[in-house]
Number of protein chains: 2
Amino acid sequence: MSLADAAGTDVLSMRKLAQELGVVPMALYKHVANKDELLDGMVDLVVAEIGPPGAGEWKSAMRARILGARRALRRHPWAARVIESRTAPPPALLGYLDSMAGMFRAGGFSVALTHHAMHAMGSRLLGFSQELFDDTGAAPDPAFVRQLARAYPHIAEIAGAAAGHDAASTVGACDDQVEFEFALDLLLDGLERLRAAEA
Amino acid sequence: MSLADAAGTDVLSMRKLAQELGVVPMALYKHVANKDELLDGMVDLVVAEIGPPGAGEWKSAMRARILGARRALRRHPWAARVIESRTAPPPALLGYLDSMAGMFRAGGFSVALTHHAMHAMGSRLLGFSQELFDDTGAAPDPAFVRQLARAYPHIAEIAGAAAGHDAASTVGACDDQVEFEFALDLLLDGLERLRAAEA
DNA sequence: TGCCAAGGTGTACGCCGTACACCTTGGCGG
DNA sequence: CCGCCAAGGTGTACGGCGTACACCTTGGCA
């Protein structure tokens, strides 16, 4: 995990890991069956870093726990990608999801609505979500940005990428955390409304 | 794309593709700079299969287009994974996202709210979302399922996996399309509420 | 007629995961 | 004290991958 934290999952190969450990690659196979099992184990450890659910009303308890999960995932930037790559969820992940489902049920959700809710939340339960673009990379060359803004005016407007350009944009640089919480609250509020309607 | 459709992206290697084309691997590099460029091109073609936006009120127009995108993605099961793997969005994808942002703006969303909305929708704009589990695999051995149900009672309850077991579960097998539309409508309704509040 | 660009070829390198056979070592029962 | 045996490290090798680089073929046009 230290190696992955430092160098990224793409650099984590059995060979590199063995080298880091001062050992020959095949030695690792005395401890894990294969690379997938290694990755599963890493996921389990990350999930273990997420604390237990807190008490209180379902929505705020779940919100807090999800933000906790997000912090854990943030400490290990490779974790989200690795989790996505798993074919079957590692045991600790299943345990976590189970307890999240339990929080819905305890909050008064029917079985069916809990099912829908779990799907609707998807990876957001673990504090991440797949964005189709990362505006994080910062703008390179102004001329290129201008051409890009011409080709994709709405995106430019949104991104505030045409900095000072034509768009009197009210959005500054993009804050991941704010966007995550926005979407999270949108979902939680919607679910709460459905729960109330159900009762 | 035919090769990927038939065999899955994991099987699509430059060497296999070349073989399929009756050509030596290196011949491909006269047409694409590298494998990433090939994948970018494939994504562009998939995105091109999504039609133009329809007319009408923003919510139903966007709903229809997203479900169209989902159909396109469904025709090419590898597409979602390949899109996730891109570091920079291919041009056609940017164009699509731009037009989606345009639909929000035309529907009366402020720039800022459009920005939030785009993030909140995330990959759902393209008709897919990352699920942490696929209940598609069908239940294998009843004894195993029972043990699993004991370890993860809420998941079992939700999945209806404990078929006929203790949970008088009202959920049957899990319908991806239904779950997708549930979450989609949850988001669209929430956004519409915010738009109305903004006005 | 000769050239030249487009595109196919062959060889090679360095990476990957991992199968298989082997060796070292330390602790424990006899 | 001896011998064994399990845990764990080693070495070699295979088949896959993406792709750099030098080379060859061919068809159309000046």
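In what follows, every chain begins at residue 1, and chains take the letters A, B, ... in the order their sequences are listed.
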* Go ahead and name the base partner of dA30(D); Watson-Crick or wobble counts if both distances stay under 3.5 Å, otherwise write none. => dT1(C)

* To do: State the pairing partner of dA13(D); accept Watson-Crick or G-U wobble contacts with both distances under 3.5 Å, and report none otherwise.
  =>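 dT18(C) is the nucleotide pairing with dA13(D).
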
* Within 6.0 angstrom of E198(B) CD, more than 12 heavy atoms from elsewhere ->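 Count over threshold, so yes.
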
* Asked: In terms of heavy-atom contacts, does CD of Q19(B) have more than 12 from other residues, nucleotides or ligands at under 6.0 Å?
  -> no

* To do: To the nearest Å, give me how far apart CD (E37(B)) and P (dG18(D)) are.
  =>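 Atom CD in E37(B) sits about 15 Å away from atom P in dG18(D).
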
* Asked: Do D5(B) and R75(B) meet the salt-bridge criterion of a basic N to acidic O distance under 4.0 Å?
  -> no

* **Side chain to side chain, M62(A) and R65(A), heavy atoms closer than 4.5 Å** => no

* Parallel, tilted or perpendicular, as decided by the 30° and 60° cut-offs, for the rings of H116(B) and F182(A) ->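 Judged by the thresholds at 30° and 60°, the geometry between F182(A) and H116(B) is parallel.
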
Point-to-point distance, once rounded to the nearest 0.5 Å, from [atom1] of [X] to [atom2] of [Y]:
X       : Y       : atom1 : atom2 : result
S99(B)  : I155(A) : OG    : CD1   : 9.0 Å
L93(A)  : L97(A)  : CG    : CG    : 4.5 Å
L194(A) : L113(A) : CG    : CG    : 6.0 Å

* **Nucleic acid footprint by protein, nucleotides 3-19 of chain C - heavy-atom cut-off 4.0 Å, B for base, S for sugar-phosphate alone** => ----BBBBBB---BBBB

* Structure fact -> Per-nt protein contacts along nucleotides 24-29 of chain D (heavy atom under 4.0 Å; B base, S backbone sugar-phosphate only, - none) come out as ------

